[in-house]
Protein chains: 2
Amino acid sequence: MAKLSADDWIAAAAARFGEHGADAVRIEPLAKSLGVSKGSFYWHFKDRAALLGAVVDAWEQRGTLEIIEGVRAAADDPADQLWALFERTFGTPTSVDMFETAVRSWASQDPHARKLTKRVDRKRLAFVAGLLQAAGIPKAEAKRRAELLYCTLIGEFLQRSYGKQRLDRGSLRSLHRLLLTM
Amino acid sequence: MAKLSADDWIAAAAARFGEHGADAVRIEPLAKSLGVSKGSFYWHFKDRAALLGAVVDAWEQRGTLEIIEGVRAAADDPADQLWALFERTFGTPTSVDMFETAVRSWASQDPHARKLTKRVDRKRLAFVAGLLQAAGIPKAEAKRRAELLYCTLIGEFLQRSYGKQRLDRGSLRSLHRLLLTM
DNA sequence: ACCTGAACACCGTTCAAGT
DNA sequence: ACCTGAACACCGTTCAAGT
């Protein structure tokens, strides 16, 4: 039997976290699925909170930059970039948006997740506001619309977690048009 | 010592549910705070799931109609009604919007909460779509905008739970204007 | 460096017994 | 009709001991 690393625990925990929330991350079942005793967990982590902390840390890494880079590469025109952003966010796979929702629920309970989530939100908001400005919306209004758009996305994620259908192409087109209205 | 009714348990559970989510609703601490043994809980409810079921049932009663009535009474002009709706939803007290978020997280885990939340969402969406139609937006577009608005509200609630500032008057005004754009 | 096994605390659930 | 107290299972956490 190969020995486990902290990363093995984080990967297993992240899977459960994304599917069923922070609460479904339990040491004993995790240990069983990894084929070790639950006691061995405490060699890798101080406690359950430390494991959850590592899970959200890993999310911050990949959650912020990937999409931004993708959007920049996809188009030059700001209106097209906004559409590319829609495709990458509203069109994200279920596993990703479940994770987004799980972090936010957890952020309401846990100070570390809270600080980290706010940082992620701030970066994304700045990016979207910049994009709207580039499309000709005045700065103050661009900030407001960025915040509205971000709320819409987060709300869509949460509602999908209990079975709402994705926003269809028509709704996204309406949103695109409204956000760029002068 | 006065004996307890099922409603006493529901009230105590609803308070914890709204503040810290379904997960914070634990029988033993609840029993302690009510001054009885945890065993007595099982005279009133089949199990923990039944208690949570009763908590969300109570929410459905008051969560759907109160606001709709209030909005209808507040104004006659559809645009003014939309604004009255904003005040009653984006301006809701923290306890209410925490509860809204908690139900939705719970709905992703629990079939009963899921069915019930979808029913509540459907009723509210129909009301908002009707309101936008009355304001002159064509039916199909009114539906799309209602869904977008509802996403925005739910997203705002979730983000507030981890400390985001409320949308300010300026943002709400922008949203109001965009939703009524022809 | 990584793991086991036993121990203890906390909480969900059951149930026989109490008033 | 409503509650207690003891019992058991499950899981978080600790720790001495193993390799």
Side-chain angles (χ1 to χ4, degrees), chain A residues 1-58 102-103 105-114, chain B residues 1-58 102-103 105-114:
Chain A
M1 261 296 172
K3 298 193 172 181
L4 296 175
S5 68
D7 281 341
D8 295 318
W9 285 93
I10 295 173
R16 279 175 178 280
F17 183 89
E19 278 187 72
H20 300 106
D23 231 68
V25 179
R26 340 235 91 226
I27 312 300
E28 191 169 64
L30 230 40
K32 192 168 284 180
S33 83
L34 291 169
V36 293
S37 75
K38 60 183 175 172
S40 77
F41 169 80
Y42 293 88
W43 192 86
H44 300 282
F45 297 93
K46 184 181 168 297
D47 55 19
R48 186 172 164 275
L51 175 60
L52 286 164
V55 168
V56 295
D57 283 345
V103 193
S105 294
W106 177 232
S108 76
Q109 314 272 130
D110 178 76
H112 177 248
R114 173 181 295 230
Chain B
M1 259 298 172
K3 299 192 170 181
L4 296 175
S5 68
D7 281 341
D8 295 318
W9 285 93
I10 295 172
R16 280 176 177 279
F17 183 89
E19 278 187 71
H20 299 106
D23 231 68
V25 178
R26 337 238 92 226
I27 312 300
E28 191 169 65
L30 230 40
K32 192 167 284 180
S33 82
L34 291 169
V36 293
S37 75
K38 60 183 176 171
S40 77
F41 169 81
Y42 293 89
W43 192 87
H44 300 282
F45 298 92
K46 184 182 167 297
D47 54 19
R48 187 171 163 274
L51 175 61
L52 286 164
V55 167
V56 295
D57 284 344
V103 194
S105 293
W106 178 232
S108 77
Q109 313 272 128
D110 179 76
H112 177 249
R114 174 181 296 230

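Sequence lines set the chain letters: A, B, ... in the order given, protein chains first and strands last, and positions in each chain run from 1. Only a predicted model underlies this, so the values are computations on that prediction, with no experimental measurement involved.
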- Message: Could you tell me how far apart A/Phe41 (CZ) and D/dT14 (P) are, to the nearest whole angstrom?
- Response: 10 Å

- State which of C/dG12, C/dT4, D/dC11 makes the closest approach to the side chain of A/Arg26. D/dC11

- Item | N or O in side chain of B/Tyr42 less than 4.0 angstrom from C/dT13 OP1/OP2 | yes

- Of all heavy-atom pairs linking A/Asp8 and A/Lys3, the shortest is OD2-O, 4.4 Å

- Message: Output the rounded distance in Å from CZ (B/Phe45) to P (C/dG12).
- Response: 14 Å

- Message: Looking only at the side chain of B/Glu28 (C-beta and beyond, no hydrogens), which of the listed nucleotides C/dA1, D/dT4, C/dC11 gets closest?
- Response: C/dC11

- Message: Quick check for you: among D/dG12, C/dC11, C/dG5, whose closest atom lies nearest to any side-chain atom of A/Ser37?
- Response: C/dG5

- Message: Is it true that A/Asp57 and A/His112 share a donor-acceptor pair across their side chains at a distance under 3.5 Å?
- Response: yes

- Message: For C/dC3 and A/His44 - does any side-chain N or O of the residue sit under 4.0 Å from the phosphate oxygens OP1/OP2?
- Response: yes

- What is the pairing partner of C/dA7, taking Watson-Crick or G-U wobble pairs with both distances under 3.5 Å in any strand? D/dT13

- Note on the structure: Atom NZ of B/Lys38 and atom P of C/dA9 are separated, to the nearest Å, by 14 Å

- The residue, A/Lys32 or A/Ser40, whose nearest nucleotide of DNA chain D is more 5′ is A/Lys32

- Task: Check the distance between D/dC2's P and B/Leu34's CG and give it to me in whole angstrom.
- Result: 14 Å

- Can you tell me the Watson-Crick or wobble partner of D/dG18, both distances under 3.5 angstrom? C/dC2

- Query: What nucleotide among D/dA7, C/dA1, D/dT13 has an atom nearest to a side-chain atom of A/Trp43?
  - Reply: C/dA1

- Message: Could you go through B/Val25 and B/Leu52, starting from their C-alpha distance and side-chain angles, then the distance that decides it, and tell me whether this counts as side-chain contact (heavy atoms from CB on, under 4.5 Å)?
- Response: CA-CA 8 Å; B/Val25 178; B/Leu52 286 164; 3.9 Å; yes

- Gap between atoms CG and P, on B/Asp23 and C/dG12 respectively (whole Å): 10 Å

- Query: With respect to B/Phe45, which candidate in B/Phe41, B/Tyr42, B/Trp43 satisfies the ring-ring contact (aromatic ring centres under 6.0 Å, His included) definition?
  - Reply: B/Phe41

- Task: Counting heavy atoms from C-beta on, name the nucleotide in D/dT4, D/dA1, C/dT13 closest to the side chain of B/Lys3.
- Result: D/dA1

- Query: Separation of A/Ile27 atom CD1 from C/dC10 atom C1', in whole Å?
  - Reply: 15 Å

- Task: Compare the minimum distances between each of C/dT13, D/dG12, D/dT4 and the side chain of A/Arg48, then state the nucleotide with the smallest one.
- Result: D/dG12

- What distance separates A/Trp9 CH2 from A/Leu51 CG, expressed to the nearest 0.5 Å? 8.0 Å

- Message: Checking contacts here: which listed nucleotide (D/dC3, C/dC3, D/dC11) is nearest the side-chain heavy atoms of A/Leu4?
- Response: C/dC3

